[in-house]
Amino acid sequence: MESKRGVAVERNGKTLYEFCVGNEFCRLGAGQNAYSMSHGSFKIKEKIKSSDSFDIKAASVENGVLIIVIECGIFEISIDGDRICVTPNVPEKYNRMWIKLPAEKGESVYGCGEIFTEFDLRGKNVNVWVAEHINALQTAKKILKMAFGVRNTTKKQKFRNYETYYAEPTFISSRKYYFHSDTTARCEFDFTNDNYHLLKTDSIAPFYIGFADSFEQLEGDLTALLGRQPELPDWVYDGAILGIQGGTDVMMSKVDACLNANTSVCGVWIQDWEGRRVTAVGKQLQWNWQWDEELYPKLDEKIKELNAKGIKVLGYINPFLAVEKPLYKEAHEKGYCVKNKDGEDYYVTITTFPAAMVDLTNPDAYEWLKNIIKKNMIGLGLSGWMADFGEYLPTDSVLFSGEDAELKHNTWAALWAKLNREAIEECGKLGEIMFFTRAGYTDTKKYSTMMWNGDNHVDYSIDFGLPSVIPAALSLTCCGFGLSHSDVGGYTTFLNLKRSGELFMRWAEMNAFSPLMRSHEGLNPDVNAQFDHNEEVLNHHAKMSRIHKALKPYLKKCVEENANSGAGVIRPLFFHYDEPVAYKEAYEYLLGRDILVAPVIKENANSRSVYLPNDQWVHLWSGNEYGGGTYDISSPLGEPPVFIRKNAEMFDELLSVKNA
């Protein structure tokens, strides 16, 4: 509506924002970034060349569109239901935009992609840029400290050093609104001021603000705008996916051992189906996307044999090519690789070896890689795969499309997810085959079928280990990506950083109560406890796999809700409970509406302090009833703190999963 001094946006009789003549509306400027990348981690230096503040000169409503006039241009503000879209029309000389949103004391904000160390981002300055979450320097420092007996699992790295695989210029507020920018450039979201949020984008792009009466409605509108994930294949819920490496004989013997232990096995994930390379950091993969028949003889026959038992086989792929292998030779000869400024194939060092990148902006290269997936993976009989990486596009790359690599960098991961999705859809296999991605940006949520939380440390550290995947999953949900899981046991293993049997069991407990239960042998499998580490671990993992399978009807219902409404399977407590603690709790989660999970996140712990929102809860293992409050809950191995809401529609069925 028009006000005396400008234009006000009202909702349910309440003025949300008022754009008044004479008030500062935004700042526009010009700047340049300098990037240096090492193993996917970035150092960024910015030089601001100009920064101009603009007041509102006039505000009016024209044909239902609010027009904000500033000295150098206009901002068109259209309204669609409870969503505002702001479209800038300003001179091309500007490539920086600063927007202030009013903030309130006590307000919390969540999102900006996948954040591992924090959940509530109020008080933080967030760099929205896709990168490696875990870099070599951080890990080396940690291992050195451990060698000298320093092992503080509760100490976090400084947030200014934070990087993440999945970054996104999107957040939601405890005041029940969301913000999203359509920019593909780097952003800085400053939530440190008491009175406003300062949102800087390194390009001029439209942005959205949406409002709702509940967080479920808010996520519904956000995902209606940005996209949702489809429902998962039915087989995913039928137990655990076993992470196995080492060849056909090893795969089959480990499957038999699990079946003999009464493990519910729905899949086998063999990431080394295309071959293995042993490096100084561990057992890695040979990035040549063809079946290694020497390591996996008769794999095609074994896939059919396992499928007949209800067990699917999954593989691995990424957008790189091993430079010493046949597929790279073909790609090089056809000019399918990303180039450097000298016109040569751009080699990127991942850990200890260089690799070339397929240029996804080249239509022929894009189709070539997609057809490799169709023929070599789907044609082989694989029912899914890890679609790894997507973070590494250097900003000084030369792309076939001619696009600026700095502006393409963030979206590279989404383009990679799109390629994988199209391969499945074009084979008519969506709903039968799934893939899971590590890196992401805005469009990833509408292309990927599942996220996984990356290369977590095989320990209890709050910033990189088991605890960190909980706020990571919650922040993804707040951005509208409602399907995620983690490697049971973690991944990053080096020297004295290795997995214990207890850690594996605690991680399995958590992932049994998640959309997907899948283990990983880790970077150095020989020193890590695996699902068959000993009889105790084998039986524990078997029990958790049966519980995951017993949750199938409930999980399918939750995943269906996510596909239809964007509600998210792993949810923050505040989605359903308007309580102060619920807005701050980062290490508990709701699995759907009716299950509360508080994973054990400390070593050698036999109990955990659990906050229960104001409701009626039944402890899964004992059947004891609790009201709202904080309780010390006994948590022996095999009985993590899990509570069922007494008014749950499927209460009896959920309570019975303990008998699986």
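All values derive from a computational prediction rather than experimental measurement. Side-chain atoms are counted along with the backbone in the values below, which use heavy atoms only and exclude waters and symmetry mates.
- If you run side-chain contact (heavy atoms from CB on, under 4.5 Å) between E274 and each of L285, N288, D292, only L285 comes through.
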| message | Could you walk me through whether D345 and H332 satisfy the side-chain hydrogen bond (donor to acceptor under 3.5 Å, both in side chains) test, starting with their C-alpha distance in whole Å, then the side-chain angles of each, then the deciding distance to 0.1 Å, before giving a yes or no? | response | CA-CA 7 Å; D345 291 348; H332 170 73; 2.7 Å; yes
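- More than 12 heavy atoms of other shown residues, nucleotides or ligands fall within 6.0 angstrom of atom CD in E425.
- Screening C479, C478, S173, P572 for a side-chain contact (heavy atoms from CB on, under 4.5 Å) involving Y110 leaves a single residue, C478.
- The shortest heavy-atom contact between I373 and A423 is CG2-CB, 3.7 Å.
- Counting heavy atoms from C-beta on, the side chains of F435 and M450 never come closer than 4.5 Å.
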| Stepwise salt bridge (Lys or Arg N to Asp or Glu O under 4.0 Å) test for K341 and D396 | CA-CA 7 Å; K341 291 183 178 180; D396 60 346; 5.4 Å; no
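- In this structure a side-chain-to-backbone donor-acceptor pair under 3.5 Å is missing from T395 to A405.
- For N318 (side chain) and D388 (main-chain N/O), no donor-acceptor pair under 3.5 Å exists by modelled atom type.
- By the side chain to side chain contact (heavy atoms under 4.5 Å, CB included) test, Y196 pairs with K100, N193, L198, sequence neighbours left out.
- Here the CD atom belonging to E188 is positioned 9.5 Å from the CH2 atom belonging to W98, to the nearest 0.5 angstrom.
- Judged purely by atom type and a 3.5 angstrom limit, T477 uses its side chain to pair as donor or acceptor with the backbone of A473.
- Looking only at atom types and distance, the side chain of E92 has no donor-acceptor partner in the side chain of Y94 under 3.5 Å away.
- With a 6.0 Å radius and a threshold of 12 heavy atoms from other residues, nucleotides or ligands, K498 has its NZ atom at or below the threshold.
- Between P169 and F189 the shortest side-chain heavy-atom distance falls below 4.5 Å.
- A distance of 6.0 Å or more separates the ring centres of Y162 and W129.
- Residues S486 and N511 have side chains that bring a donor and an acceptor to within less than 3.5 angstrom of each other.
- In this structure the side chain of D190 never reaches within 4.5 angstrom of the side chain of K200, judged on heavy atoms.
- The CD atom of Q32 sits 8.0 Å away from atom NZ of K47, with the distance rounded to the nearest 0.5 Å.
- Checked by atom type and distance alone, the side chain of S397 never pairs as donor or acceptor with a backbone atom of V338 at under 3.5 Å.
- Scanning all heavy atoms of the two residues, the minimum distance from A205 to S181 falls at CB-OG, 4.4 Å.
- Atoms CG and OG, on L497 and S461 in that order, are 7.5 Å from each other to the nearest 0.5 Å.
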| request: Please step through salt bridge (Lys or Arg N to Asp or Glu O under 4.0 Å) for the pair E46 and R186, ending with a clear verdict. | output: CA-CA 11 Å; E46 181 179 29; R186 184 183 75 105; 3.1 Å; yes
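- Side-chain contact between T493 and V527: present, with at least one pair of heavy atoms (C-beta onward) separated by less than 4.5 Å.
- Although no hydrogens or angles enter the test, the distance criterion places no donor-acceptor pair under 3.5 Å between the side chain of D342 and the main chain of E344.
- Here the CD1 atom belonging to I172 is positioned 8.0 Å from the CG atom belonging to L222, to the nearest 0.5 angstrom.
- The side-chain heavy atoms of E163 and E132, taken from C-beta on, include no pair separated by under 4.5 Å.
- Side chain to side chain, E406 and Y35 meet the donor-acceptor criterion of an N or O pair below 3.5 Å.
- Contact annotation: the side chain of V130 never approaches that of T411 to less than 4.5 Å [non-hydrogen atoms, C-beta and beyond].
- Listed by chain and number, the residues in a side chain to side chain contact (heavy atoms under 4.5 Å, CB included) with K334 are E330, Y336, W368 (sequence neighbours excluded).
- Shortest non-hydrogen contact noted between P88 and V86 is CD-O, 3.7 Å.
- For F207 and F179, the ring centers are positioned less than 6.0 Å apart.
- Looking only at distances, a side-chain donor or acceptor of R499 sits under 3.5 Å from a matching main-chain atom of G489.
- Because its NZ or CZ atom is both nearer than 6.0 Å to the ring centre of F159 and within 45° of the ring axis, K124 counts as a cation-pi partner of that residue.
- How far CG of L382 is from CD1 of I433: 8.0 Å, rounded to the nearest 0.5 Å.
- In the model, T437 has a side-chain atom that pairs as donor or acceptor with a side-chain atom of S448 under 3.5 Å.
- In terms of heavy-atom proximity, W269 sits nearest to G315 at NE1-O, 2.8 Å.
- The six-membered or imidazole ring of Y392 lies away from that of H409, with a centre-to-centre distance of 6.0 Å or more.
- A cation-pi contact, defined as under 6.0 Å to the ring centre and within 45° of the axis, links R277 to F353.
- Checking side-chain atoms of N371 against main-chain N and O of K374 turns up no donor-acceptor pair under 3.5 Å.
- Taking every heavy atom of both residues into account, T223 and G566 meet most closely at OG1-CA, 3.5 Å.
- Checked by atom type and distance alone, the side chain of S475 never pairs as donor or acceptor with a backbone atom of G111 at under 3.5 Å.
- Between F436 and H485, the distance separating the two ring centers is shorter than 6.0 angstrom.
- Residues S51 and R27 have side chains that bring a donor and an acceptor to within less than 3.5 angstrom of each other.
- Shortest non-hydrogen contact noted between N456 and S468 is ND2-OG, 4.1 Å.
- Residues I317 and M386 form no side-chain contact, since every pair of their non-hydrogen atoms from C-beta on lies 4.5 Å or further apart.
- In summary, the aromatic rings of W287 and F389 are positioned with their centroids under 6.0 Å apart.
- Taking the centre of each ring, F464 and F116 stay at or above the 6.0 Å mark.
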| task | Start with the C-alpha distance between D443 and K445, add both sets of side-chain angles, then the distance that settles salt bridge (Lys or Arg N to Asp or Glu O under 4.0 Å), and finish with yes or no. | result | CA-CA 5 Å; D443 283 350; K445 64 170 62 66; over 6 Å; no
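- Between the NZ atom in K155 and the CD atom in Q157 there is a gap of 11.5 Å [rounded to 0.5 Å].
- Under a 3.5 Å cut-off, the side chain of T184 and the backbone N or O of K408 do not form any donor-acceptor pair.
- Considering only residues two or more places apart in sequence or on other chains, Y366 meets the ring pair (Phe, Tyr, Trp, His ring centres under 6.0 Å) condition with none of them.
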